[in-house]
Amino acid sequence: MTISSSLNAGVAGLSTNAAKLATVADNISNSSTFGYKRVEADFHSMVIGANGGGYTAGGVRSSVQRLVDERGTLVGTSNATDLAIRGRGMLPVASSSEIEQTGTFEQMMLTSTGSFRTDDEGYLRTESGLTLLGWPANADGTIPTYPRETASGLQPVQIDLNAFSGAPTTSVRLGVNLPAVETESDAAGDAREMVIEYYDNLGKSETLTITFTPTIPAAGASNTWQMEVADSGSAGAIVGDYLMTFNDSRTAGGTIDTVAETTGTAWDPATGKVIVTTASGPIEIDLGAEDTANGLTQLGSSFVPKTISKDGSPVGTMSSVEVDANGYVQAIYNTGARVTIFQIPLADVPNLNGMAAMDYQTFAVTPESGAFFLWDANDGPTGEMVSFAREESTTDVASELTDMIRTQRAYSSNAKVFQTVDEMMQETTNIKR
């Protein structure tokens with residue numbers, strides 16, 4: 001009967017609007033929840049068709065979808081390991097309780113933001129019980145090759161805040177000007193000396209003493225210096241002995257022309273580097289390339305150590321941890337040294353809205369979402385990782401309140417259908433009287 005179908009349509013209307021109101025309530029209640037993705041209810045008409053010349057009401061049904069691909073506004077925080085993503089991509093996380101029990105995880109979940117802090121075991125985790133996952137680095141800070149279509153290479157990010165670290169010196173760059181007048185025949189021939197500190201394999205301080213001795217000719221200028229490198233770690237032994245001749249041409253005057261070695265490796269004119277072997281191993285010394293003024297020079301009358309730089313660092317303790325835009329977790333030591341200890345990849349799926357929503361603003365990959373792939377941050381379709389930041393909820397409270405009013409009116413109108421049908425059926429019953 002047509003009147004009966006009106007009742008069915010009214011029931012469907014009440015049900016769908018109740019579902020709509022539930023999504024509105026969920027969105028509003030999570031309007032201050034970081035990383036929350038709002039839910040949207042969509043209505044679809046149901047057509048039953050005509051029967052014997054009459055129309056049969058089909059009613060309405062609803063479908064609900066969580067809009068994971070929407071991005072909330074990023075807000076700044078004071079915690080270096082508060083993470084968000086500017087653009088596409090999700091952070092890999094796992095249940096902290098599972099990691100505490102087994103030391104590993106079975107299910108990888110994804111989230112768009114999180115406030116991670118170290119717990120008593122050094123794991124980076126949120127207050128809601130999510131542990132950040134990443135790829136561990138080698139001892140030298142490089143990241144090995146890991147599989148990207150599976151979570152098998154990921155490990156819980158664990159930080160030892162009591163760790164000590166030191167890096168040995170492996171390269172030194174000399175930017176020194178030698179006085180040209182001291183290679184002339186009437187010069188005194190005094191040697192010039194400089195001391196460079198370096199760090200050995202155990203983080204101890206050692207020194208390279210570099211002595212420049214001019215060659216004094218019988219007449220004119222030799223433009224030649226002998227450079228000796230003595231290593232304190234080798235009881236003062238000479239580990240490098242070179243005879244350097246400088247150019248006196250109009251176009252390249254003052255730059256290195258030739259270098260002959262007695263001790264140490266041969267000078268490479270293209271790179272300007274030699275290698276001396278100290279007690280802790282080889283150290284590369286950059287003297288400057290041929291005919292360039294970016295290393296040792298011989299000009300004027302002044303001995304000037306312009307630029308002396310080296311790598312390596314003394315032993316220090318970890319003072320803080322930061323995550324850069326490419327997802328590298330860097331341990332910062334009180335000596336100023338930075339060491340990469342993990343890389344946090346960003347996961348992406350073909351259909352973000354097809355993922356299954358879970359507790360604490362996390363999502364799981366489903367057949368509808370497609371398989372995930374682990375990208376480097378700022379690579380492929382993914383955006384950059386932002387530390388000191390959280391992603392706000394995507395809920396627009398004003399829009400939700402407007403939808404609430406519309407849903408209330410629609411629900412009341414559907415309830416009115418029952419009253420109207422009841423009155424019509426009462427009229428039908430009264431025909432007999």
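Here the structure is a predicted model, which is why all the values come from computation and not from measurement.
Side-chain atoms of Asp82 and Ser115 include a donor-acceptor pair closer than 3.5 Å. Judged by distance alone, the side chains of Glu228 and Thr211 never bring a donor and an acceptor atom under 3.5 Å apart. If you check the side chains of Ser97 and Ser95, you find a donor sitting under 3.5 Å from an acceptor. In the model, Thr77 has no side-chain atom that pairs as donor or acceptor with a side-chain atom of Asn79 under 3.5 Å. Side-chain polar atoms of Glu368 and Asn351 form no donor-acceptor pair below 3.5 angstrom. Thr407 and Asn17 share no side-chain donor-acceptor pair at under 3.5 Å. Using modelled atom types, one finds a donor on one side chain and an acceptor on the other under 3.5 Å when comparing Thr297 with Asn177. Side-chain contact, Ser205 with Glu197: a donor N or O sits under 3.5 Å from an acceptor N or O. With no hydrogens or angles considered, no side-chain donor-acceptor pair links Thr102 and Thr104 at under 3.5 Å. No donor-acceptor contact under 3.5 angstrom links the side chains of Asn27 and Thr395, judged on distance only.
Side-chain atoms of Asp268 never come within 3.5 Å of backbone atoms of Gly272 as a donor-acceptor pair (strictly under, hydrogens ignored). In terms of modelled atom types and a separation under 3.5 Å, the side chain of Thr33 and the main chain of Tyr36 share no donor-acceptor contact. At distances below 3.5 Å, at least one donor-acceptor pair connects side-chain atoms of Tyr146 with backbone N or O atoms of Pro136. Thr394 places a side-chain N or O within 3.5 Å of a backbone atom of Arg38 that can act as its donor or acceptor partner. With Gln361 contributing its side chain and Lys37 its backbone, the two residues share no donor-acceptor pair below 3.5 Å. A donor-acceptor pair is defined here as one N or O able to donate and one able to accept, closer than 3.5 Å; such a pair exists between the side chain of Ser393 and the backbone of Asn30. A donor-acceptor pair is defined here as one N or O able to donate and one able to accept, closer than 3.5 Å; no such pair exists between the side chain of Arg66 and the backbone of Ala357. For Thr81 (side chain) and Phe116 (main-chain N/O), a donor-acceptor pair under 3.5 Å exists by modelled atom type. Of the possible donor and acceptor atoms, none in the side chain of Ser313 sits under 3.5 Å from a partner among the backbone N and O of Ala337. Not one N or O on the side chain of Thr278 forms a donor-acceptor pair closer than 3.5 Å with the backbone of Ser234.
The existence of a salt bridge linking Arg390 and Glu392 is excluded, since no basic side-chain nitrogen approaches an acidic carboxylate oxygen closer than 4.0 Å. A salt bridge between Lys310 and Asp286 is absent, with no side-chain N of the basic residue lying under 4.0 Å from a carboxylate O of the acidic one. Taking the charged nitrogens against the carboxylate oxygens, Glu322 and Arg338 do have a contact shorter than 4.0 Å, which makes a salt bridge.
Residues Thr169 and Asp311 approach most closely at OG1-O, 3.1 Å, considering heavy atoms. Residue Val323 comes nearest to Ser387 through the heavy atom pair O-OG, 3.2 Å, listed as atom of the first residue, atom of the second, then distance. Between Val68 and Asn353, the shortest heavy-atom contact is N-OD1, 2.8 Å. Of all heavy-atom pairs between Met318 and Tyr333, the closest is N-CD2, 3.3 Å. Residues Phe212 and Met194 share a closest heavy-atom pair of CE1-SD, 3.8 Å. Ala94 and Gln107 make their closest contact through CB-O, 4.0 Å (heavy atoms, listed as atom of the first residue, atom of the second, distance).
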If you apply the rule salt bridge (Lys or Arg N to Asp or Glu O under 4.0 Å), what do you find for Arg88 with Glu384, and how did you get there? CA-CA 8 Å; Arg88 194 177 175 100; Glu384 68 176 357; over 6 Å; no
Trace of the side chain to side chain donor-acceptor pair (under 3.5 Å) decision for Gln343 with Asp376: CA-CA 8 Å; Gln343 181 185 6; Asp376 294 342; 2.9 Å; yes
Stepwise, does the side chain to side chain donor-acceptor pair (under 3.5 Å) test hold for Glu391 with Ser112? CA-CA 7 Å; Glu391 180 187 339; Ser112 62; 3.1 Å; yes
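Partners of Trp267 under the ring-ring contact (aromatic ring centres under 6.0 Å, His included) rule, at least two apart in sequence or in another chain, do not exist in this structure.
No more than 12 heavy atoms of other residues, nucleotides or ligands shown are found within 6.0 angstrom of OH on Tyr360. Atom NZ of Lys204 is surrounded by 12 or fewer heavy atoms from other residues, nucleotides or ligands within 6.0 Å. More than 12 heavy atoms of other shown residues, nucleotides or ligands fall within 6.0 angstrom of atom CZ in Phe388.
The distance from the CD atom of Gln330 to the OG1 atom of Thr340 is 4.5 Å, given to the nearest 0.5 Å. Here Leu132 contributes atom CG and Leu154 contributes atom CG; the two are 9.5 Å apart, rounded to the nearest 0.5 Å. In this structure, Thr16 OG1 and Asp42 CG are separated by 11.0 Å, a value rounded to the nearest 0.5 Å. Note that CG of Leu299 is 9.0 Å distant from CZ of Phe246, once rounded to the nearest 0.5 Å. Here the straight-line distance linking atom OH of Tyr242 with atom CD1 of Ile210 works out to 11.0 Å at 0.5 Å rounding.
Contact annotation: the side chain of Val329 approaches that of Ile344 to within less than 4.5 Å [non-hydrogen atoms, C-beta and beyond]. By the 4.5 Å heavy-atom criterion applied to side chains, Ser369 and Pro350 are not counted as neighbours. At a threshold of 4.5 Å between non-hydrogen side-chain atoms, the residues Leu287 and Lys273 do not count as touching. Inter-residue side-chain proximity for Ile28 and Leu401 is flagged as met; some heavy-atom pair is nearer than 4.5 Å.
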